[in-house]
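Since the structure comes first, as structure tokens, the remarks are kept for the end.
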Number of protein chains: 2
Amino acid sequence: MRPELRERVITAARELGYRPHAAARALRRSQTSVLGMLVPPLLNPVYTLIVRGAFRRASQRDFTLLLAEDIEEQHAEETFAQLVLTGRIDGLIVASARPGHPLIARLAEHGLPHVFANRAVAGSGRNVMMDDEHGVDVALDHLYALGHRAIAHAGGPSDLDPARRRTDAFRRWHERHGLEPSRVVEGDFLESGGSEAALEILRRWPDTTAIYTSSASQGIGAIHAAWTLGLAVPARLSIIGAADMPLAAYLVPPLTSVEMPLFELGVAAVDALISQIEAPGAPGAPASPTDGPAAGDLVIETRPTLVARGSTGPAPRL
Amino acid sequence: MRPELRERVITAARELGYRPHAAARALRRSQTSVLGMLVPPLLNPVYTLIVRGAFRRASQRDFTLLLAEDIEEQHAEETFAQLVLTGRIDGLIVASARPGHPLIARLAEHGLPHVFANRAVAGSGRNVMMDDEHGVDVALDHLYALGHRAIAHAGGPSDLDPARRRTDAFRRWHERHGLEPSRVVEGDFLESGGSEAALEILRRWPDTTAIYTSSASQGIGAIHAAWTLGLAVPARLSIIGAADMPLAAYLVPPLTSVEMPLFELGVAAVDALISQIEAPGAPGAPASPTDGPAAGDLVIETRPTLVARGSTGPAPRL
DNA sequence: CTGAAAGCGCTAACAT
DNA sequence: ATGTTAGCGCTTTCAG
């Protein structure tokens, strides 16, 4: 074939907008170039940014991202069947892991490449996480600098890994500062959880001057709780939330928060998954069965940073 | 083959968890059983519920839903190529339509089954919408009953169909009530848009006693604006937003809003799209090129309802 | 170094 | 009725 003809064919193909047929390609190469991603209910706005990072990166690397909302665990088996058993995806990002989630065992058994994003699975060696501990330190240092010493924590569900890690970090920070880290109440990640936790905190420890919440939504709930009790924010009670979102700037008062590298987390999860898929031998690098971070675990380098707004201020004298 | 053998094969298949390979099936039947859905940035929480309805229904009808975020229009061509030209999807739900969106022409030309959800395209005959006009009436009737007569509207971008329909409905309601519908300011659907619009409204018409915003996010922004101006909500200014979300109950004060049938919209969009795909002859029912609602357009039967909370109250005497 | 052919897993049309 | 076969569009291997 003359180079001239070759040129003409390529040009023609481009002009006609030719694109290889995905299904035929997938069938022949037994690789779909589709990545699955399982996320908790998207009402939790934290995940929309993670998802966006994942979409962007997948597209850059010529993969398509197939999102699935992990609403109720009873549907997990169905989701698994639909995505994995029919060969629709080459790998899966699980951002909704919980201890005992039926999917975790199924994945390991099936040998599909997969990573856990944000919610780590101990010992899996497949975790992609943010530096949550640093995020806690940033928040508590900010409160400390404002003079707060009676700081409480409205934590997330303790069986959810990032919630537990933040609670642990909260305790460690207090120990480092010679303070008693007893003011911890657990609730869900939503506004309702934050509101109820704040109410309980203020009932049990009325001299609390600041609350650190494990999510922005909980922060909103905590502000609401303070309002219902008639406590001024931040004059009487300071509130700071983990994870920032655009909304936070428009609350009354605007919520001080810790900005987390959510977009980067999505990007990194996709990269880690593709590495596994393209790894020569293994269908996903095997995890060492030790507890704690295994060899393959990854922590995003971008560190959480403080976004100071109106919901935190100097500690009051009570 | 004896029925007994048949039985054994079926049982064995089930026990082994056999599932037909999606790519092979797609190739042979030239139908992927995948639906695409294009949505505006998911930071807009309105779409998370629509998406959930769509996911649920697609799954029920044995389709997989492939979500794509329509972030910038320059990526539209790329998205189109990736989803449509490679034959990855059987049809597309477009929830991010704007006049002149490059995708609209491409879709018509290509002949792919598609519907427009929430953001209608005039004359397409493929629109699945909510009864936004009724939503406006519900909001304004509520304010009227509280004694408000100087009501302003913080509208969405006028080139976005639901924003325009709500603005039109706002004007019609005022005409029906013999009031001057002049207090309309346009902004984007986000908190910032609501805040800026509210500020401008109060600057131009200082005697305004109530604001109806075209989204919940704008409502949040409007509350924020009132707070910065030192206007009490609802004692001095009532605020009501279109579309409800769980967050609204935890704002300070809790935001009165109009609950829209978002989940149902997602469900109906999927049903409409699948009908088109399964329609015998046409690759999507042809649209009549008339202006206004065309034959194939659909309005969700569930009507918007009022959720009264703390951000609306009796009109003050100024 | 160019060109033909086999086959991925499935299903629809065919021959028994 | 049951069983066989061709071929969807692509890629990879093998023959020329």
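For clarity, every value in this text was computed on a predicted model and none was experimentally measured. Labels below follow one simple rule: chain letters A, B, ... track the order of the sequence lines, proteins then strands, and each chain is numbered from 1.
Taking the salt bridge (charged side-chain N to carboxylate O under 4.0 Å, His left out) definition, one finds that A/Asp244 meets it with A/Arg309, sequence neighbours left out. Considering only residues two or more places apart in sequence or on other chains, B/Ala243 meets the side-chain contact (heavy atoms from CB on, under 4.5 Å) condition with B/Val46, B/Met260. For A/Pro41, the side-chain contact (heavy atoms from CB on, under 4.5 Å) partners are A/Glu69, B/Arg52, not counting sequence neighbours. Not counting sequence neighbours, the partners of A/Arg164 by the side-chain contact (heavy atoms from CB on, under 4.5 Å) test are A/Asp161, A/Asp168.
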Atom pairs and distances, donor-acceptor, side-chain atoms in residues 55-66 of chain B, under 3.5 Å, two or more places apart:
| unit_1 | atom_1 | unit_2 | atom_2 | d |
| --- | --- | --- | --- | --- |
| B/Arg57 | NE | B/Asp271 | OD1 | 3.0 |
| B/Arg57 | NE | B/Asp271 | OD2 | 2.9 |
| B/Arg57 | NH1 | B/Gln60 | OE1 | 2.5 |
| B/Arg57 | NH2 | B/Asp271 | OD2 | 3.4 |
| B/Ser59 | OG | A/Glu78 | OE2 | 3.3 |
| B/Arg61 | NH1 | B/Asp271 | OD1 | 2.9 |
| B/Thr64 | OG1 | A/Arg88 | NE | 3.3 |

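To the nearest angstrom, P of D/dG9 lies 15 Å from CG of B/Leu85. In this structure, the CZ atom of B/Arg88 is 17 Å from the C1' atom of D/dC8, given to the nearest Å. Between A/Gln31 atom CD and D/dG9 atom C1' there is a gap of 17 Å when expressed in whole angstrom units.
For residues 32-47 of chain A, no residue pair satisfies the salt bridge (charged side-chain N to carboxylate O under 4.0 Å, His left out) rule, not counting sequence neighbours. Residue pairs satisfying the salt bridge (charged side-chain N to carboxylate O under 4.0 Å, His left out) criterion with at least one member in residues 101-115 of chain B, sequence neighbours excluded, are listed as follows: B/Glu77-B/Arg106, B/Arg106-B/Glu109.
Formation of a donor-acceptor pair under 3.5 Å by the B/Ser96 side chain with backbone atoms of B/Asp70 is not found in this model.
Taking only side-chain nitrogens and oxygens, B/Tyr18 never comes nearer than 4.0 Å to OP1 or OP2 of C/dG9.
Of the residues in residues 20-29 of chain B, those placing a heavy atom less than 4.0 Å from an atom of DNA chain D are B/Leu27, B/Arg28, in numerical order.
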What does the 5'-to-3' dot-bracket notation of DNA chain C look like when only Watson-Crick and G-U wobble pairs under 3.5 Å count, and pairs to other strands show as |? ||||||||||||||..
